[in-house]
A.B. asks: 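Got a structure for you, questions after.
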Number of protein chains: 2
Amino acid sequence: MKTADTIKVLSALAQESRLAIFRLLVEQGPEGLPVGMIGERLGLPNATLSFHLKELLHAGLVTSRQSGRFIYYAPVISAIDELVDYLTENCCVGSGGTCAPAPAAKRPAAVKRGTKA
Amino acid sequence: MKTADTIKVLSALAQESRLAIFRLLVEQGPEGLPVGMIGERLGLPNATLSFHLKELLHAGLVTSRQSGRFIYYAPVISAIDELVDYLTENCCVGSGGTCAPAPAAKRPAAVKRGTKA
DNA sequence: ATAACAATTCTATCATTCTAGAAACGTAGA
DNA sequence: TCTACGTTTCTAGAATGATAGAATTGTTAT
């Protein structure tokens, strides 16, 4: 994952409402939730909600699909996976740093455990 | 790690200059670097640099210590560690999500591998 | 087509963040 | 103490982000 993309993802998550939206969607599982339900659960007016969903969409953290009259938003778990990879690779080791999942050699970079498969 | 703190850390890292500063510090190791050197390496005027360092400091991502005329800033790796933990616990699993380091039961929450020791 | 509902864009307003010059502060050597 | 050097605070302007009402677009059923 490139640094520029990482910043997009970090920015998207660095906001109370958006982090709450994302966590709610993760909790709901891959099905996701329609916009109205998200707004109801979090108490957000639809204009505000739409604004934040667009941000999450642009950052690649969620996907949307139409189903009847509803538009379902679902989380993209692999985006978090990649963010964690970036942080582990760029912000932990480097010159003797000690972090997360035992750096084997320099980490095979994106073997992708789970997700996406 | 509480959600509010997580947002602080995410916000701090979600900015090009600050992410660059942090990565540079990680690369330099626990000794850190004096402000002037950081500014020189990244081409940032000192007022701007100070502003960003303060942000990183408030988010708990760096520490500072005076050494003679210089003030050294060093990375707090454990902050990343905790961020990764938060993301893994709150933004991955939940209802069948698939992510990072194989969730045993619900993850012993902060056993802290490496770092801080 | 019309009505009812879901969601997004338009628009304006308010708040925060970024940038950087200039001034002030702190530290150390002469 | 004076001077030099490193860093921070002050300040203000520009840019970006957040909020939400109102209007609009899209979807389905009648």
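Reminder, nothing fancy here: chain letters follow the sequence lines and each chain counts from 1.
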A.B. asks: Near DNA chain D, counting only heavy atoms under 4.0 Å, which residues of residues 45-55 of chain A show up?
C.D. replies: A:Pro45, A:Ala47, A:Thr48, A:Phe51, A:His52
A.B. asks: For DNA chain D, determine which residues of residues 32-40 of chain A have any heavy atom closer than 4.0 angstrom to one of its atoms, and list them numerically.
C.D. replies: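 When residues 32-40 of chain A is checked for heavy atoms under 4.0 Å from DNA chain D, there are no hits whatsoever.
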A.B. asks: I'd like to know whether B:Leu13 forms a side-chain contact (heavy atoms from CB on, under 4.5 Å) with A:Ile7, so could you lay out the CA-CA distance, the side-chain angles of the two residues, the decisive distance to 0.1 Å, and finally the verdict.
C.D. replies: CA-CA 7 Å; B:Leu13 292 176; A:Ile7 289 176; over 6 Å; no
A.B. asks: Do B:Leu57 and B:Leu33 share a hydrophobic cluster, counting only Ile, Leu, Val, Met, Phe, Trp and Tyr and linking them when any side-chain heavy atoms are less than 4.5 Å apart?
C.D. replies: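 Yes, it is one cluster - the side chains of B:Leu57 and B:Leu33 are joined through contacts under 4.5 Å.
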A.B. asks: Walking along DNA chain D from 5' to 3', note the first and the last nucleotide with an atom under 4.0 Å from a heavy atom of chain A, and give both.
C.D. replies: D:dA18 to D:dT28
A.B. asks: If you compare all heavy atoms of A:Leu25 against all heavy atoms of A:Tyr73, which two are closest, and at what distance to 0.1 Å?
C.D. replies: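 Taking every non-hydrogen atom into account, CD2-O, 3.3 Å.
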A.B. asks: Taking side chain to side chain contact (heavy atoms under 4.5 Å, CB included) as the test, write out the residues that go with A:Asn46, two or more places apart.
C.D. replies: none
A.B. asks: Which atom pair, heavy atoms only, marks the closest approach of A:Gly43 to A:Pro45?
C.D. replies: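 What the structure gives for the nearest pair is O-CD, 4.0 Å.
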A.B. asks: So, OP1 or OP2 of C:dC18: does either fall under 4.0 Å of a side-chain N or O from B:Arg18?
C.D. replies: yes
A.B. asks: Determine, stepwise, if the pair A:Leu49 / A:Ile21 fulfils side-chain contact (heavy atoms from CB on, under 4.5 Å).
C.D. replies: CA-CA 9 Å; A:Leu49 183 52; A:Ile21 292 168; 3.6 Å; yes
A.B. asks: Check whether B:Leu53 and B:Met37 end up in the same hydrophobic cluster, where Ile, Leu, Val, Met, Phe, Trp and Tyr are linked by side-chain heavy atoms less than 4.5 Å apart.
C.D. replies: yes
A.B. asks: Short of 4.0 Å, heavy atom to strand atom, which residues of residues 59-74 of chain A count as contacting DNA chain C?
C.D. replies: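 Residues of residues 59-74 of chain A that come under 4.0 Å of DNA chain C are, in numerical order, A:Arg69, A:Phe70, A:Ile71, A:Tyr73.
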A.B. asks: State, to 0.1 Å, how close B:Leu19 and A:Cys91 come at their nearest heavy-atom pair, and which atoms those are.
C.D. replies: CD1-SG, 4.3 Å
A.B. asks: If Ile, Leu, Val, Met, Phe, Trp and Tyr residues are connected whenever their side-chain heavy atoms lie under 4.5 Å apart, and connections chain through other members, are B:Val76 and B:Leu56 in the same group?
C.D. replies: no
A.B. asks: Identify, residue by residue, the members of residues 2-11 of chain A with a heavy atom below 4.0 Å from DNA chain C, and return them in order of residue number, or none.
C.D. replies: none
A.B. asks: Quick one: hydrophobic cluster around B:Tyr72, which other residues, with the 4.5 Å side-chain cut-off, linked directly or via members?
C.D. replies: B:Phe70
A.B. asks: Kindly indicate, with the supporting measurements, whether the criterion salt bridge (charged side-chain N to carboxylate O under 4.0 Å, His left out) is fulfilled by A:Asp5 and A:Lys8.
C.D. replies: CA-CA 5 Å; A:Asp5 296 324; A:Lys8 265 196 185 173; 5.5 Å; no
A.B. asks: Locate the shortest heavy-atom distance separating A:Leu44 from A:Ser17; write the atom from each residue and the value.
C.D. replies: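 So the two residues come closest at CD2-OG, 4.0 Å.
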A.B. asks: May I have the step-by-step check of side-chain contact (heavy atoms from CB on, under 4.5 Å) for B:Thr88 and A:Ile80, ending in yes or no?
C.D. replies: CA-CA 8 Å; B:Thr88 307; A:Ile80 297 294; over 6 Å; no
A.B. asks: Listing request: all side-chain hydrogen bond (donor to acceptor under 3.5 Å, both in side chains) pairs with a residue in residues 59-71 of chain A, at least two apart in sequence or in separate chains.
C.D. replies: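 Counting only pairs at least two positions apart or across chains, no side-chain hydrogen bond (donor to acceptor under 3.5 Å, both in side chains) contact touches residues 59-71 of chain A.
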A.B. asks: Tell me the interatomic distance from A:Leu44, atom CG, to C:dT8, atom P, rounded to whole angstroms.
C.D. replies: 13 Å
A.B. asks: Report the residues that fulfil side chain to side chain contact (heavy atoms under 4.5 Å, CB included) with A:Ala20, sequence neighbours left out, ordered by chain and then residue number.
C.D. replies: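 Result, side chain to side chain contact (heavy atoms under 4.5 Å, CB included) vs A:Ala20: A:Leu42.
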A.B. asks: Angle between the end axes of the helix from C:dA1-D:dT30 to C:dA30-D:dT1, five pairs per end, to the nearest 10 degrees?
C.D. replies: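 So the angle between the two local helix axes works out to 20°.
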A.B. asks: Considering only residues two or more places apart or on different chains, which pairs with a residue in residues 9-21 of chain B satisfy salt bridge (Lys or Arg N to Asp or Glu O under 4.0 Å)?
C.D. replies: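 Passing the test, one end in residues 9-21 of chain B: B:Arg18-B:Glu55.
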A.B. asks: The criterion is side-chain hydrogen bond (donor to acceptor under 3.5 Å, both in side chains); which residues satisfy it with B:Arg23, sequence neighbours excluded?
C.D. replies: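 With neighbours one apart ignored, the set is A:Thr3, A:Tyr86, A:Asn90.
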